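Once you've had a glance at the structure underneath, I'll fire off some questions.
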Amino acid sequence: MARHLITSAIPYINGIKHLGNLVGSQLPADLYARFQRGRGNEVLFLCATDEHGTPAELAAARANQPVAEFCAEMHAVQADIANRFSLSFDHFGRSSSPQNHALTQHFAGKLEEAGLISEVSDKQVYSNADGRFLPDRYIEGTCPNCGYDKARGDQCENCTKQLNPVDLIDPRSAISGSTDLEVRETKHLHLRQSVLRDDLDAWIDSKTDWPVLTTSIAKKWLHDGDGLRDRGITRDLDWGIPVRKGDQDWPGMEGKVFYVWFDAPIEYIACAGEWADATGNDWERWWRTDKGADDVRYTQFMGKDNVPFHTLSFPATILGSGEPWKLVDYIKSFNFLNYDGGQFSTSQGRGVFMDQALGLLPADYWRWWLLSHAPESSDAEFTWENFQQSVNKDLADVLGNFVSRITKFCRAKFGESVPEAGEYGEQEQALIADLTTRIRAYEGYMEAMEVRKSAQELRAIWVAGNEYLQSAAPWVTFKTDPDRAAAQVRLGLNLIRLYAVLSAPFIPTASADMLAAMQSDDTAWPDDVAAALSTLPGGHEFTVPEVLFAKITDEQREDWQVRFAGVRD
RNA sequence: GGGCCUGUAGCUCAGUUGGUUAGAGCAGAGCGCUCAUAACGCUUUGGUCGUAGGUUCGAGUCCUACCGGGCCUACCA
């Protein structure tokens with residue numbers, strides 16, 4: 001039995017995520033996790049909230065809450081929404097956990113021992129009014145290049161020129177508007193990634209099967225300019241993991257915390273520790289190659305904006321530690337999903353957010369659309385028309401109606417139990433052969449994480465059921481050869497169970513409903529399709545399910561288009 | 001400025017190492033069926049593959065330039 005460690009990029013804590021965030025990491029990761037479990041493999045699927053950093057502090061301040069309290073609440077909110085989206089994490093952790101504190105400090109200590117940490121003195125802008133150092137982009141002012149008066153300290157959004165905060169004319173704090181700013185000297189730890197460049201380069205080179213999106217971003221950072229640069233891994237903030245060398249103090253670093261991008265990936269490991277502490281399981285057999293993780297296949301899912309940290313910084317941390325931690329085997333990265341002609345935006349409240357989506361329709365609708373339109377080769381676009389059309393056709397007409405027509409026909413002609421008479425004949429064998437080919441193709445796409453192609457193949461499998469019914473026409477054979485009709489209907493009912501098993505990674509709730517209607521708990525993967533289609537024997541009772549997927553009406557669609565045209569409050 | 005990705009039917013997308021008449025789903029048209037959520041099935045109309053050159057016996061596929069869209073560019077995460 002294969003063992004799969006699967007992680008989704010951990011969502012930031014400062015708000016509820018939108019559908020673009022969802023489709024880029026958590027959702028495809030869940031698809032893969034469910035598929036691997038469905039095939040009988042051992043899976044540990046982890047996710048967490050990413051809780052440190054300036055935006056979290058500011059969001060908490062806006063909400064008038066202590067940051068720890070704010071994060072605890074938002075974690076609960078995100079966990080609830082994830083659950084309602086049927087995201088099947090084995091554990092949904094927190095990067096602020098004690099486990100992550102200890103492990104992050106441990107890694108820093110090991111990196112220091114290995115000579116991979118340097119102390120660098122930086123000059124940084126301090127806001128007296130805010131009582132804090134300001135990251136470059138939290139300083140606003142007039143662009144020296146184009147005169148735009150809301151240019152940020154890192155870049156002018158108007159003319160796209162790269163800036164330094166000191167370049168700005170009349171700089172002010174983006175938080176308070178205060179102009180009482182000064183440049184202060186501050187010391188920070190840097191991770192000497194440059195030392196590990198050749199190792200990282202060779203490692204990336206060996207990953208010939210990774211998506212181009214993943215490797216090209218890594219290559220760019222490895223070879224751009226002078227090559228991979230060292231990176232600051234500490235910040236002057238209150239909220240975060242205190243800088244320590246293992247369990248020892250770090251002289252000169254008092255009052256500083258680790259940079260969020262240093263501790264966030266480490267949470268992938270710490271999260272397994274949280275899971276183990278909560279369940280009594282052993283986490284090291286998933287993460288330590290000296291303690292049983294040798295045969296683990298580790299797959300990460302993320303949006304393209306996260307790629308540098310997962311291909312370079314985090315591997316540098318692991319390699320640099322000199323300890324036998326599991327390195328990622330495959331990185332599946334995604335482009336972005338746009339919303340109706342523009343970008344989804346958390347900060348601007350543009351688009352559809354996860355909680356809102358669930359207020360409109362059950363998760364399966366969103367799961368199906370998002371996954372079947374996953375932004376794999378380029379950015380993709382969400383429009384309400386496309387969503388309505390795809391969901392109505394695929395889920396309501398092709399799959400839902402299939403379930404309806406066969407169960408209702410059976411109830412009318414044979415009652416609510418699987419008809420016993422008749423045998424499968426040539427037509428049925430042909431269907432089995434066709435389905436076998438398609439299911440093997442589906443498995444191949446799912447193994448390769450070809451998300452869109454998987455969805456296409458699954459849909460084709462559903463269509464095959466309708467084609468069969470149409471040509472078998474039990475409503476005709478029933479009149480002349482009831483036994484033949486009985487066998488045809490028996491096959492049709494068995495198809496429902498088969499579809500439930502195959503479709504579960506995409507639409508878990510509907511799949512469970514289908515199984516419940518068939519009164520079956522047999523979720524065995526159909527390695528042998530013929531056998532799978534004989535699972536429900538003659539005489540087995542079932543119920544006619546409610547409509548699986550109600551159609552989205554034009555009125556609903558129009559209403560939603562209007563409601564979601566602006567920005568969120 | 002630099003790097004990477006992308007531009008194929010009205011829409012969303014496939015097109016493997018260059019190889020005969022460029023594919024699928026949706027939408028449109030016609031026919032069939034009547035078990036079903038006016039659902040299903042069959043057939044079918046749509047494309048000088050962003051533009052212009054080039055390499056080649058042969059290019060959607062390789063090269064160059066240009067045009068359009070997107071992302072990244074290291075202190076948001």
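Note that the coordinates shown come from a computational prediction; the quantities given were computed from them, not determined experimentally. Hydrogens, waters and symmetry mates are skipped; everything else that's a heavy atom, side chains included, is used. Every chain is numbered from 1 and lettered A, B, ... according to where its sequence line falls, protein lines coming before strand lines.
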Of all heavy-atom pairs between A:Phe258 and A:Ala108, which one has the smallest distance, and what is that distance? CZ-CB, 3.3 Å

Determine the contact category for A:Phe402: base if any of its heavy atoms lies under 4.0 Å from a base atom, sugar-phosphate if only primed atoms, P, OP1 or OP2 are that close, otherwise nothing. nothing

For a quick check of understanding: with a heavy-atom distance under 4.0 Å over all strands, which category does A:Leu469 fall into, base, sugar-phosphate or nothing? nothing

Which string of ( ) [ ] | and . matches RNA chain B, if you list each base 5' to 3' and count Watson-Crick or G-U pairs only when both distances are under 3.5 Å? (((((((..((((.....[...)))).(((((.......))))).....(((((..]....))))))))))))....

Does A:Arg231 put a side-chain nitrogen or oxygen below 4.0 Å from OP1 or OP2 of B:C75? yes

Strictly under 6.0 Å, is that where the ring centroids of A:Phe382 and A:His18 end up? no

Please determine if a side-chain N or O atom of A:Tyr259 lies less than 4.0 Å away from the OP1 or OP2 oxygen of B:A77. yes

Specify the separation, in whole Å, of atom CD of A:Glu385 and atom P of B:G25. 22 Å

Both A:Ser372 and A:Val260 contact RNA chain B. Taking the nearest nucleotide for each, which residue is further toward the 5' end? A:Ser372

Any donor-acceptor pair under 3.5 Å joining the side chain of A:Arg229 to the base of B:A74? yes

Indicate whether OP1 or OP2 belonging to B:A24 is found under 4.0 Å from a side-chain N or O atom of A:Lys453. no

Phosphate oxygens OP1/OP2 of B:C13: is one of them under 4.0 Å from a side-chain N or O of A:Arg452? yes

Interatomic distance at C1', B:A39 relative to B:U34, whole Å: 10 Å

Hey, would you say the A:Phe336 and A:Phe344 ring centroids sit under 6.0 Å apart? no

Are any of A:Arg459's side-chain N or O atoms less than 4.0 Å away from OP1 or OP2 of B:C26? yes

